[in-house]
Amino acid sequence: MKTLLLFSTLLFSVGVNAEENSILEGAAPTVEEAMVNSESPLEYHSSNMFEIPSQKVILDPNLATALGEEASKSAAEKKYGVYTPLKELEITSVPLLAFGFIAKADKKNFRAARNNFIPSYKNRMDDWLQHVPLIATTAMNFAGYEGRSDHWRYLASGAMSYGFMALFTNAIKYSAKEMRPDGSTANSFPSGHTATAFVAATIMHKEYGLTRSPWWSVLAYGCATTTGIMRTLNNRHWISDILVGAGIGVISTDLGYMMGDFIFKKKRILREPRQGAGDMWQNPSFFRLELGMQFTNNLKLPTNTDFLTYTNLYDDNLNEDYYQVNRNGNPFRIPDNYNSKDRTYTNYGEEGPAYGEGISPKIKVATGTTVGAEGAYFINKYIGAGLRARITTAPVTAEGLYSYDDNMNRRYNSSSVSDVWSLVDVNLGVYAAWPINPRHNLNFKALYGRRFFGSLDLMAAYDTRFVNQQTGESRDVTYYGDAMYIDKTNSDDFTVGVHYTYSLKNGVAVSAFFDYDISKPEFDVEYNPYNLDSQKMASTSSKFSFKQHINSYTLGASMTVLF
């Protein structure tokens, strides 16, 4: 864009108004042509330094500033203007692609979470929602609402963006041949709907979010994110399909607009980017897609002093008090003649407690994977309000439980079968920002909301030796059976957290975060140590409830759009 700013400043100084696109495409004047008489004290001499000036003109101070800016431009800016090909490439696609491949290892856990909460969900809104940003952007462009490009450049850049997306998506789909979660076809990875939605969203972001208002970017990426979520809820895609599809959509649009820059160069540009689009002092509000690791404390069941004994559970002559739920303390009434010193009791059979002696039974919660979205609007650069929604899945196993075989021999649960625990958090609250400088920012938050816990269906196992009565051969075998079921529940959830954000360019950023959540749910439990006889399960299982603090610590990273 050689001498563009110089030319525009000259026109302004002499009071000539011209339309922006004619300025962009007009012939560039020389420095000498730009000289005008003025009362400015800044002088320009056309002769060299060894001769007495033969001509003296006065240079406008604003023109001198423009001259300096023009000289500082890179070769790419002089050739292509403010939109240079390499500037189109945003690294925001990189975390999305990385998140997708990381989440691939937990894709079945996220599907289990979906089946736990809404197994029969079905909604076709995602079939048309993916196209909403593109339809809106095209309508505004042809209605004369100026965005970045005129009609022809917009159509060319958009068509190439969709071309790249179709190439990448289909090449991977029919190479990976991954089965969809509903088992319908083997073309699940990556999600075509999500890739399409994020192409449309990124086009709106480039055309209007960067030139007009950041709210267009928020609307566009909100539609795209909702499309991806619905593809998972409809059981059409794994979570990894969604994240990789989003990354493909973003990078395809970057490549499409890069090709547009190569083809059109400075031509057919109507609006330049808003000033300070990546400045977090001016734009501290944000929308994020995030992925993290969550560390949650174990569930500690009531201890063996509660005496879930063989006799308690199976003696039909006992008082029914033993089977009733005590929601304010121990799950079972301790026998009246229980001796807490030597841990003995009488008249209740010879069997010991169903829990291991001296063991506090617990549900061990492994490191979980968290996927979520978060947004906040700031009324100034320090204070705002926002919302966070996320889902976490974590493998769990039971420790310290007994099972019984057909001969009433108690077996230690040495090889519990894992289940997947699902947690959904929805919170809103106050956000605060500490703007270190325009590119670096710290966010703090204090949120309140609800935490929803999925159900757990744990199995007990015991090892025994199977003997073939006809051949006399024997082998080791393991029997499994339902031992404990923990029902779905929910509770209040309190969150504090901190985000560090680094602004890249064009209103996008990357973030690292740490969140702490605390809740205290009440769990309803059904326990059935005699887990191999389905006929006895209903009559011998015992139900009880207990409360416990759940502390969760989440570390992660996010892709952020600033507005």
Side-chain angles (χ1 to χ4, degrees), residues 110 113-114 117-118 121 129 213-230 232-233 239 280 283-296 368-393 422-435 441-454 488-501 507 509 511-522 549-563:
F110 281 99
R114 177 259 183 197
F117 288 106
I118 45 174
Y121 180 88
L129 184 62
S213 168
W215 285 104
W216 291 115
S217 300
V218 175
L219 171 65
Y221 285 116
C223 289
T225 302
T226 303
T227 298
I229 292 172
M230 293 189 67
T232 303
L233 296 182
I239 186 69
M280 285 186 286
N283 302 290
S285 303
F286 62 83
F287 173 76
R288 297 186 177 118
L289 295 177
E290 55 192 33
L291 177 75
M293 299 183 300
Q294 186 171 107
F295 306 90
T296 301
T369 302
T370 297
V371 175
E374 185 172 13
Y377 179 75
F378 281 72
I379 58 175
N380 55 45
K381 64 181 180 180
Y382 298 109
I383 298 295
L387 173 71
R388 182 197 71 180
R390 70 185 185 191
I391 181 169
T392 303
T393 65
S422 308
L423 298 87
V424 175
D425 302 319
V426 180
N427 307 78
L428 54 86
V430 178
Y431 288 75
W434 177 22
N441 197 7
L442 283 177
N443 286 130
F444 304 92
K445 61 189 173 188
L447 310 178
Y448 167 77
R450 300 293 293 178
R451 168 167 277 194
F452 300 88
F453 298 82
K488 293 190 288 283
T489 188
N490 63 85
S491 70
D492 294 335
D493 181 52
F494 300 91
T495 305
V496 292
V498 58
H499 268 81
Y500 163 72
T501 303
S511 304
F513 69 92
F514 170 77
D515 287 349
Y516 169 69
D517 289 77
I518 183 170
S519 57
K520 191 177 182 180
E522 182 176 38
H549 281 107
I550 302 297
N551 303 286
S552 299
Y553 308 85
T554 309
L555 290 169
S558 61
M559 184 211 77
T560 303
V561 176
L562 304 172
F563 63 97

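Using a 4.0 Å cut-off between a side-chain N of Lys or Arg and a carboxylate O of Asp or Glu, Glu374 and Lys445 qualify as a salt bridge.
Taking all atoms of both residues into account, the shortest heavy-atom contact from Arg288 to Ser558 is CD-OG, 3.3 Å. Residues Leu291 and Phe513 approach most closely at O-CE2, 4.0 Å, considering heavy atoms. Here the closest non-hydrogen pair linking Thr501 and Ser511 is OG1-OG, 3.0 Å. Residues Phe453 and Phe117 share a closest heavy-atom pair of C-CZ, 3.9 Å. Among all heavy-atom pairs drawn from Thr489 and Glu522, the shortest one is OG1-O, 3.1 Å. Nearest approach of Cys223 to Leu129, heavy atoms of both residues: O-CD2, 3.8 Å.
For Tyr500, the side chain to side chain donor-acceptor pair (under 3.5 Å) partners at least two apart in sequence or on another chain are His440.
Enclosure of atom CH2 in Trp434 is not indicated, since only 12 or fewer non-hydrogen atoms of other residues, nucleotides or ligands lie within 6.0 angstrom.
Between the Ser519 side chain and the Pro521 main chain, no donor and acceptor come within less than 3.5 Å of each other. Panel note: side chain Arg114, backbone Leu233; a donor-acceptor pair is recorded below 3.5 Å.
Under the 3.5 Å distance criterion, with hydrogens and angles disregarded, no donor-acceptor pair is assigned to the side chains of Thr554 and Thr370. Looking at Ser422 and Thr393, their side chains never bring a donor and an acceptor atom within 3.5 Å of each other.
With rounding to the nearest 0.5 Å, the separation of CG in Leu555 from CE in Met293 is 6.0 Å.
Residue Tyr516 forms a ring-ring contact (aromatic ring centres under 6.0 Å, His included) with just one option from Tyr553, Phe295, Phe494, and that option is Tyr553.
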